[in-house]
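Since the structure comes first, as structure tokens, the remarks are kept for the end.
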There are 2 protein chains.
Amino acid sequence: MEPTDTEKRILQAATLVFERDGFLGARMQVIADEACISKASLHYYFRTKEKLFDRIFDDYTASIVPLLSTWEDGTDEWQEKVRHFVKGLMRVFSESSLLFMAQELHRDPKKLEPRMAKRRTGPNAFILYYERLRAKGLVRDTDPRPLLVAMQSICAYPSMNPKMLAGSLRMNNKEYTAFITSYADDAADLLIRMMQK
Amino acid sequence: MEPTDTEKRILQAATLVFERDGFLGARMQVIADEACISKASLHYYFRTKEKLFDRIFDDYTASIVPLLSTWEDGTDEWQEKVRHFVKGLMRVFSESSLLFMAQELHRDPKKLEPRMAKRRTGPNAFILYYERLRAKGLVRDTDPRPLLVAMQSICAYPSMNPKMLAGSLRMNNKEYTAFITSYADDAADLLIRMMQK
DNA sequence: AGTGATGCTGACCAAATAGTCAAACAGGAT
DNA sequence: ATCCTGTTTGACTATTTGGTCAGCATCACT
């Protein structure tokens, strides 16, 4: 099922518009214009707005999955794994609008369920990894769940609600973007501090 | 300008509907039904949807301001201040939908500017407080800005994107709500760990 | 009772917009 | 040339929805 050139253009245009305007704010006509085709053509490729949206939403969730393999055992020290995961997660979140995902997840919570079902076979990969480190006495002896929440929060929120944070830091958009780039390293260090003995 | 009973009912109904459905998803008819008045009456009190929305948005931002006084000097130890601030912030965020605020801030970034202008007179209160502690050698010698970002992230994100976190933790809604209650204390401890020497 | 002000409403309108459809078009195979 | 298949479009429809308006109800005051 190789996507045709037109289909690719549609997906690119739709991603742009959905991220900017949300599902409810997005207009099929605008997406069609952005893809340089007619609205009728757009409906020829994707029968409904909902179907087009689902396709894009699926691509999003898929982009996060590869990062989970970070927590598989390997030769790296756990500090290195944390740095790698934080860096990867922040890159994914800065590239694709997480606010958009949360928004649509709130609008229709059922969207995540089929996707979660696959992974729900066992506990979260980070939780398992931390428990192993904990058993070996390599990290602080504490419940890893608040750590997981803090880690995701620290990685996700800065790209999700930049306006409010930029306001708190008294920065304009440009300054904030620059700050967030260096923040990735700081965030990893803070998380390591939370975990070490 | 004492708000009448009807006006109060409208604001309550509008808050409910705006939080649940967002600005674009909210329907004036639904808000009117929820307030048990006609749609025409609703427009009698608030001429446009935008004006009604602004009123509610203003009430939100106002509810966060009192917390900022936490960082004024006082007799409390800094650890106590952190615990107090985190607890307060998480309560505010759990009571009112932060996702809704971020969403609308993204839709119309100009919303925050007039409100920010008031506070923009000086640096952020936490930053100032931390710098004073740092000068006295009471906390870790580090840039407080990543700490501020991490603090806000840790407090805000769990109530902003509960579905995704609940998924990661393999919890249902009820379990997650219970978890978040106890998380407030853990979050404060984690933040204290980030700041202490 | 009369009068004016305020609160409230049903009926209506104009604009926006997702989705449809018949017809045109392009390109390859026969 | 003819046919067939997949692609593209302009024109159209049905519905939703924010907002308006003329008029009704209620109450205070004279």
Side-chain angles (χ1 to χ4, degrees), chain A residues 1-59 100-101 103-108 110-111, chain B residues 1-60 97 100-101 103-108 110-111:
Chain A
M1 287 301 232
E2 189 67 18
T4 69
D5 176 64
T6 309
E7 192 172 335
K8 264 188 246 171
R9 280 214 319 281
I10 291 177
L11 289 172
Q12 201 176 334
T15 302
L16 178 80
V17 176
F18 275 135
E19 280 189 1
R20 192 187 56 202
D21 303 336
F23 178 80
L24 292 170
R27 301 289 163 234
M28 292 300 265
Q29 184 64 63
V30 174
I31 294 173
D33 290 348
E34 194 71 34
C36 300
I37 54 169
S38 69
K39 186 159 71 83
S41 266
L42 180 54
H43 274 96
Y44 173 78
Y45 279 86
F46 296 91
R47 262 206 305 259
T48 66
K49 190 179 176 182
E50 192 79 32
K51 283 208 180 354
L52 173 57
F53 172 80
D54 282 353
R55 169 64 179 275
I56 286 167
F57 195 84
D58 285 0
D59 292 351
F100 163 68
M101 282 192 71
Q103 204 169 312
E104 305 311 333
L105 219 49
H106 173 76
R107 202 176 53 85
D108 183 7
K110 285 195 291 291
K111 282 258 151 52
Chain B
M1 286 301 232
E2 188 68 17
T4 67
D5 176 65
T6 308
E7 194 174 335
K8 266 189 245 170
R9 280 214 317 284
I10 290 177
L11 288 172
Q12 201 176 336
T15 302
L16 179 79
V17 176
F18 275 135
E19 280 190 0
R20 192 188 55 203
D21 303 335
F23 179 79
L24 291 169
R27 300 289 161 236
M28 292 301 264
Q29 184 63 63
V30 173
I31 294 173
D33 291 348
E34 194 72 34
C36 300
I37 55 168
S38 70
K39 185 159 71 83
S41 265
L42 180 54
H43 275 96
Y44 174 78
Y45 278 87
F46 297 90
R47 262 207 305 262
T48 67
K49 190 180 178 182
E50 194 78 31
K51 284 208 181 352
L52 173 56
F53 173 79
D54 282 352
R55 169 63 179 275
I56 286 168
F57 194 83
D58 286 358
D59 291 351
Y60 271 142
S97 165
F100 162 68
M101 281 193 70
Q103 204 169 311
E104 305 311 332
L105 219 49
H106 173 76
R107 203 175 53 86
D108 182 8
K110 285 193 293 290
K111 281 260 151 53

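So that the names make sense, note that chain A is the first sequence line, chain B the second, and so on, each numbered from 1.
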Run the side-chain contact (heavy atoms from CB on, under 4.5 Å) check on Asp59(B) and Thr15(B) step by step: do they pass?
CA-CA 10 Å; Asp59(B) 291 351; Thr15(B) 302; over 6 Å; no

Could you please spell out the steps behind the side-chain contact (heavy atoms from CB on, under 4.5 Å) verdict for Phe18(B) and Ile31(B)?
CA-CA 9 Å; Phe18(B) 275 135; Ile31(B) 294 173; 4.3 Å; yes

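Asp5(A) places its CG atom 13 Å from the C1' atom of dT7(D), with the value rounded to the nearest Å. The interatomic distance linking His43(B) (NE2) with dT20(D) (P) rounds to 7 Å, in whole Å. Taking atom CZ on Phe46(A) and atom C1' on dT8(D), their separation rounds to 16 Å, with Å as the unit. If you take CG of Asp21(B) and P of dT17(D), they are 11 Å apart, rounded to a whole angstrom.
Judged purely by atom type and a 3.5 angstrom limit, Lys49(B) uses its side chain to pair as donor or acceptor with the backbone of Phe23(B).
Less than 4.0 Å separates DNA chain C from at least one heavy atom of each of the following residues of residues 24-35 of chain A: Ala26(A), Arg27(A), Met28(A).
Within the 4.5 Å cutoff, the side chain of Phe57(A) has heavy atoms near those of the Leu105(A) side chain. Taking the side chain as every heavy atom from C-beta outward, Tyr44(B) and Ile10(B) never approach each other to under 4.5 Å.
Across Val17(A) and Arg27(A), no two heavy atoms sit closer than the pair CG1-N, 4.4 Å.
Under a cut-off of 6.0 angstrom, the local environment of CD in Gln12(B) is sparse, with at most 12 non-hydrogen atoms contributed by other residues, nucleotides or ligands.
Using a cut-off of 4.0 Å between Lys/Arg side-chain N and Asp/Glu carboxylate O, Glu34(A) and Arg20(A) are scored as not salt-bridged.
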Contact pattern, 5' to 3', of nucleotides 6-11 of chain C - B, S or - by protein heavy atom under 4.0 Å
SBSBB-

